[in-house]
Chemist: 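Just passing along the structure, written as structure tokens.
Quick caveat: nothing in here was measured; it's all calculated off a predicted structure. Both ligands and their constituent atoms are indexed starting at 1 by order of listing.
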Amino acid sequence: MVKLPPARSEGHVSIESVLSLRRSIRSYSKRPLSLNDLSQLLWAAQGINSRDIRRTAPSAGALYPLELYLVAGLTTDLSPGVYRYSSEQHSLHLIKEFDQRLALSRVALNQECIAAAPACFVIAGVYRRTAMKYGKRARRYVQLEAGHASENILLQAVALKLGTVVVGAFDDQGVQRVLDLPTEHEPLLLIPVGFPGGRVGE
Ligand SMILES: Cc1cc2nc3c(=O)[nH]c(=O)nc-3n(C[C@H](O)[C@H](O)[C@H](O)COP(=O)(O)O)c2cc1C
């Protein structure tokens, strides 16, 4: 278990400037990501921001069907591997050793941004959690929630001067295989992240 440094709830840039700067970035420099930056991005996506269990992103019925994974490659103070984020503990749990970025890019149409990024977030949905209350509506709600969490990552990344892109083109079962995901954790989005720079694939 890797305890993450606390996330900041204040920053130096306005939401308006973050919105005006957001752009998909697909090439990254070789600069590694710090644990502080990863902590901030994970908290933005699914962190707890209240005394109860509520999070930075809204959730239908507060049922929290999303699971957030980190595929770490080039990071300081964190070994390469696949980690699951715990919102409650604000910590990372290793679920698979070694650098899986190339394997992940292969099951995502060989998109080079995934192999080149120092790390990649994977948002998965567990439909059952939401279907217990909302039945067939759950698929829509869970997918919308992935969008909310994803946009939080994208905007937080801008504030940290990091580049990201949302990747929806991938083989679902391939991603499950590379990350060793339980069958009911269905991958919905990949989000590579890194400092902008270099050429794609460098
Ligand atoms: C649901 C979704 C799936 C996407 N999938 C991919 C993808 O697989 N690969 C990619 O390079 N970009 C992907 N994108 C990023 C879009 O190409 C990008 O947002 C669009 O070109 C607009 O550019 P901008 O984000 O810089 O404004 C995706 C975006 C969304 C919202």
Side-chain angles (χ1 to χ4, degrees), residues 11 13-31 33 37 40-42 44-46 55-60 64-74 82 85 99-127 130 136-179 181 185-202:
V13 280
S14 68
I15 187 73
E16 290 83 0
S17 63
V18 163
L19 286 167
S20 67
L21 287 170
R22 190 213 60 80
R23 192 90 293 134
S24 291
I25 307 282
R26 297 179 180 80
S27 55
Y28 314 97
S29 80
K30 298 262 185 245
R31 186 172 158 193
L33 290 174
D37 282 350
Q40 196 65 37
L41 291 161
L42 290 158
Q46 281 294 284
R55 302 185 185 178
T56 47
S59 176
Y64 302 111
L66 300 183
E67 290 288 336
L68 183 57
Y69 291 90
L70 176 72
V71 177
L74 192 58
V82 179
Y85 175 61
D99 191 348
Q100 303 296 329
R101 291 176 295 165
L102 192 58
L104 188 61
S105 83
R106 286 200 177 117
V107 294
L109 279 58
N110 287 308
Q111 295 190 65
E112 290 182 10
C113 54
I114 293 175
C120 184
F121 296 99
V122 178
I123 300 177
V126 184
Y127 290 109
T130 301
K136 284 192 185 140
R137 200 83 177 156
R139 285 197 86 74
R140 179 191 296 225
Y141 287 171
V142 173
Q143 288 165 6
L144 286 167
E145 288 185 33
H148 300 138
S150 141
E151 183 72 359
N152 282 3
I153 292 179
L154 304 193
L155 297 180
Q156 179 68 76
V158 174
L160 296 172
K161 299 190 172 13
L162 290 165
T164 52
V165 58
V166 161
V167 170
F170 54 82
D171 167 39
D172 295 0
Q173 288 173 1
V175 171
Q176 286 190 317
R177 201 171 52 245
V178 170
L179 269 64
L181 298 188
H185 290 205
E186 297 191 35
L188 299 171
L189 286 173
L190 314 182
I191 308 171
V193 57
F195 288 94
R199 284 185 317 226
V200 176
E202 250 186 353

Chemist: Does the Ser105 side chain pair with the main chain of Leu102, one donor and one acceptor, at a distance under 3.5 Å?
Modeler: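 Checking the backbone N and O of Leu102 against the side chain of Ser105, a donor-acceptor pair under 3.5 Å is found.
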
Chemist: What is the closest protein heavy atom to atom 26 (O) of ligand 1, and at what distance does it sit?
Modeler: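 Answer, as residue, atom name and distance: Ser24 N, 2.7 Å.
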
Chemist: I need the contact type for Leu109 against ligand 1. Using non-hydrogen atoms and a strict under-4.0 Å cut-off, is it side chain, backbone, both or neither?
Modeler: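 Neither part.
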
Chemist: If we ignore hydrogens and angles and just use 3.5 Å, is the side chain of Ser29 paired with the main-chain N or O of Gly197 as donor and acceptor?
Modeler: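 Checking the backbone N and O of Gly197 against the side chain of Ser29, no donor-acceptor pair under 3.5 Å is found.
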
Chemist: Between Arg101 (side chain) and Val71 (backbone), is there a donor-acceptor pair under 3.5 Å?
Modeler: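 No, the answer is negative, given that no donor and acceptor are paired below the 3.5 Å cut-off.
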
Chemist: Below 4.0 angstrom from a heavy atom of Ala169, which ligand 1 atoms are there? Numbered from 1 as shown, please.
Modeler: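 Listed by number with element, the hits are 8 (O).
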
Chemist: Between Glu67 and Leu181 (side chain of the first, backbone of the second, donor and acceptor by atom type, cut-off under 3.5 Å), is there such a pair?
Modeler: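 Here the side-chain-to-backbone pair does not exist.
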
Chemist: For the backbone of Ala60 and the side chain of Glu145, can you confirm whether one donor and one acceptor N or O come within less than 3.5 Å of each other?
Modeler: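 Confirmed, Glu145 side chain pairs with Ala60 backbone.
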
Chemist: Taking C-beta and beyond as the side chain, do Leu109 and Phe170 meet within less than 4.5 Å on heavy atoms?
Modeler: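 Side-chain contact under 4.5 Å: no.
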
Chemist: Does the protein put a heavy atom under 4.0 Å from atom 7 (C) of ligand 1?
Modeler: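 Protein heavy atom within 4.0 Å of atom 7 (C) of ligand 1: present.
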
Chemist: Using a 3.5 Å cut-off on N or O atoms only, is Leu189 in polar contact with ligand 1?
Modeler: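 No; the residue has no nitrogen or oxygen that sits under 3.5 Å from a nitrogen or oxygen of the ligand.
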
Chemist: Tell me whether Thr56 contacts the main-chain N or O of Ala44 through its side chain, where contact means a donor paired with an acceptor under 3.5 Å.
Modeler: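 At least one qualifying donor-acceptor pair exists.
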
Chemist: Can you report which non-hydrogen protein atom sits closest to atom 12 (N) of ligand 1, along with the distance?
Modeler: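 Sorting protein heavy atoms by distance from atom 12 (N) of ligand 1 puts Arg26 NH2, 3.2 Å first.
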
Chemist: Is there any N or O on Gly168 that sits under 3.5 Å from an N or O of ligand 1?
Modeler: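 Between Gly168 and ligand 1, an N or O pair is found under 3.5 Å apart.
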
Chemist: Identify, for atom 2 (C) of ligand 1, the protein heavy atom at the shortest distance, and state residue, atom and that distance.
Modeler: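 Checking every protein heavy atom, the shortest distance to atom 2 (C) of ligand 1 gives Val166 CG1, 3.8 Å.
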
Chemist: Give the residue, atom name and distance (to 0.1 Å) of the protein heavy atom nearest atom 9 (N) of ligand 1.
Modeler: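 Checking every protein heavy atom, the shortest distance to atom 9 (N) of ligand 1 gives Gln111 OE1, 2.7 Å.
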
Chemist: Heavy atoms of the protein only: does one fall short of 4.0 Å from atom 20 (C) of ligand 1?
Modeler: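 No, there is no protein heavy atom closer to it than 4.0 Å.
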
